[in-house]
There are 2 protein chains.
Amino acid sequence: MAKTDKRSSAEEIFSILRDRICLLDYPPGTVLREADLATEFSVSRTPVRAVLQKLAHAGLIESRDGVGTIVTELSFSEIRDIYRMRLKIAELIGQMDPLPFSAVHREEIEALRGRAVELKARFRIEMYWQINHDLHFLISGIIGNSALRQMWDHFYFQAARIWYQHARFDPTGVAASLVDELDEVHRAICEDDPVALGYAQRNYIAYGLSRLQPRR
Amino acid sequence: MAKTDKRSSAEEIFSILRDRICLLDYPPGTVLREADLATEFSVSRTPVRAVLQKLAHAGLIESRDGVGTIVTELSFSEIRDIYRMRLKIAELIGQMDPLPFSAVHREEIEALRGRAVELKARFRIEMYWQINHDLHFLISGIIGNSALRQMWDHFYFQAARIWYQHARFDPTGVAASLVDELDEVHRAICEDDPVALGYAQRNYIAYGLSRLQPRR
DNA sequence: TCACGTTAAGCTGTGCACAGCTGAATATGA
DNA sequence: TCATATTCAGCTGTGCACAGCTTAACGTGA
């Protein structure tokens, strides 16, 4: 949290804070102080507040007057609800006017697979995050229905924290699963079968759901 | 837009502005001036800005630096995308752990039906809005999956403007359709069949979709 | 007359000081 | 010792002045 002299734009600050929450640098319950964040990013509290309101809308934080701004603590039933919705949304990806695949898509998946194999050899949580991130936005870019794409992005960031928690317990397992997932996505793209792509996503979300356990 | 002396809370201001956009008091393209709104609600620009940011997240307005805050102009393809998503979401209402019906639900629907019949005799756009509003939140309260409910609410407010535009062209048609819809909802509740409730909603959204025409 | 550079008005974005709320530590009485 | 009242530190919410951006009107020269 070193103070950087360079001013950051609102969009940059948003991405940084969002990633910190998703990567559990700010675990649920963490209190974020607007003044501290303002100092860190060399801006006043005003733009920081705007970013925090955006994060609140994304369901990642919650502001309470006189208390502080707190990273959301999701209950087990809320997490399960989010996962079940993601299952349904994934099924729609291939059905709701998907955009055509291109050679670029195939090449990018192959590149991601290379990185995932590397991850299997030496696991780094940041790299796992980055590959998942790139894969997500690649698929997001294929979704033709703008409303569906909006939802797909929304719930991705809500769910991200959950499986990162799991990734810390079983890094080799999630790395291997990621390679498998990329292989299935690759096949769907080679076969030019967007429905298969959506169902592949559905399945890997289901695997994540099956690993969920009520905590505490 | 008379200036009221009483200070309004942020939540009140949000509801009021949201309703004005949905009811087309602020048609798409309208420029909202933060200073004017601040005067109207007897607050400073700061809380007004917070509300406008929330509306921007809801997809109803768009702020552009140096220009103004403009009510969103949805393209035909965006409208169609939203409707198609609502179709799919409606189908899920009865499938994703709906909450049990109660006698209160049935009575409220019967009350709404009475108001809808009254509306058929004398159409008032505000009354049409209020009945739809009440019906929406009644159904929203039956949705057991919190993520699904969140989406149902989100797209309801995005789509509202569209059919209000249509309601101005065919008031008697939409009033009659509303009574029919309430009858179907009533039957689903009497039969204790949440799946039927979801499909009834799906169908009436589909009727709305079929009436959509590319404009201009 | 027209093209283009300049200017000015008006908007949102930002910084900062202060009001108001909350929760916990502290003081006070029995 | 304990229950209760009170104070206070620290947070978010609000108000306001100013910076920075955008656009349209205006002026100027060819």
Side-chain angles (χ1 to χ4, degrees), chain A residues 1-18 20-21 25-74, chain B residues 1-18 20-21 25-74:
Chain A
M1 317 304 166
K3 174 179 170 181
T4 163
D5 284 346
K6 194 175 174 306
R7 280 173 56 108
S8 306
S9 76
E11 209 168 329
E12 286 169 348
I13 298 173
F14 176 79
S15 308
I16 291 169
L17 294 184
R18 184 197 59 197
R20 285 181 187 169
I21 294 170
D25 289 337
Y26 295 152
T30 303
V31 176
L32 304 181
R33 276 175 292 274
E34 297 180 352
D36 289 357
L37 296 173
T39 305
E40 181 187 346
F41 296 109
S42 304
V43 293
S44 78
R45 275 181 56 215
T46 310
V48 169
R49 281 179 62 76
V51 167
L52 292 182
Q53 280 166 22
K54 243 180 118 179
L55 288 168
H57 185 263
L60 299 180
I61 63 172
E62 207 170 317
S63 281
R64 268 184 289 180
D65 187 11
V67 179
T69 305
I70 301 163
V71 176
T72 313
E73 192 117 31
L74 292 175
Chain B
M1 320 304 167
K3 174 181 171 180
T4 164
D5 283 348
K6 194 176 174 303
R7 279 173 56 109
S8 306
S9 76
E11 209 168 329
E12 287 170 347
I13 298 173
F14 176 79
S15 309
I16 292 169
L17 294 184
R18 184 197 59 197
R20 285 182 187 169
I21 294 170
D25 289 338
Y26 295 152
T30 304
V31 176
L32 304 181
R33 275 176 292 274
E34 297 180 354
D36 290 356
L37 296 173
T39 306
E40 181 185 347
F41 296 108
S42 304
V43 293
S44 78
R45 275 182 56 216
T46 310
V48 169
R49 281 180 62 77
V51 167
L52 292 182
Q53 279 165 23
K54 243 180 117 179
L55 288 168
H57 298 148
L60 298 179
I61 64 173
E62 204 170 320
S63 281
R64 268 184 287 181
D65 187 10
V67 180
T69 305
I70 301 163
V71 176
T72 313
E73 192 116 32
L74 293 175

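First the proteins, then the strands, lettered A, B, ... as listed; each starts at 1.
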Quiz item: Taking all atoms of both residues into account, what is the closest heavy-atom pair of A:Tyr26 and A:Leu17, and its distance?
Solution: CE1-CD2, 3.9 Å
For nucleotides 11-15 of chain D, print each protein N/O atom paired with a nucleotide N/O atom at under 3.5 Å, atom names and distance only.
from	atom 1	to	atom 2	distance (Å)
D:dT12	OP1	A:Leu32	O	3.0
D:dT12	OP1	A:Thr69	OG1	3.2
D:dT12	OP2	A:Glu34	N	3.4
D:dT12	O2	A:Asp65	OD1	3.4
D:dG13	OP2	A:Arg49	NH1	2.5
D:dG13	OP2	A:Arg49	NH2	2.8
D:dG13	N7	A:Arg45	NH2	3.1
D:dG13	O6	A:Arg45	NH1	3.0
D:dG15	OP1	B:Arg7	NH1	2.6
D:dG15	OP2	B:Ser44	N	2.6
D:dG15	OP2	B:Ser44	OG	2.8
D:dG15	O5'	B:Ser44	OG	3.4
D:dG15	N7	B:Thr46	OG1	2.6

Quiz prompt | Heavy-atom closest contact (B:Thr72 atom, B:Gly59 atom, distance) | solution = OG1-O, 3.1 Å
Self-check item: Nearest heavy atoms of B:Val48 and B:Glu34, plus distance in Å
Solution: CG1-O, 4.0 Å
Quiz item: Shortest non-hydrogen contact from A:Arg45 to A:Ala38?
Solution: N-CB, 3.9 Å
Quiz prompt | Contacts of type side chain to side chain donor-acceptor pair (under 3.5 Å), residue B:Arg18, not counting sequence neighbours | solution = none
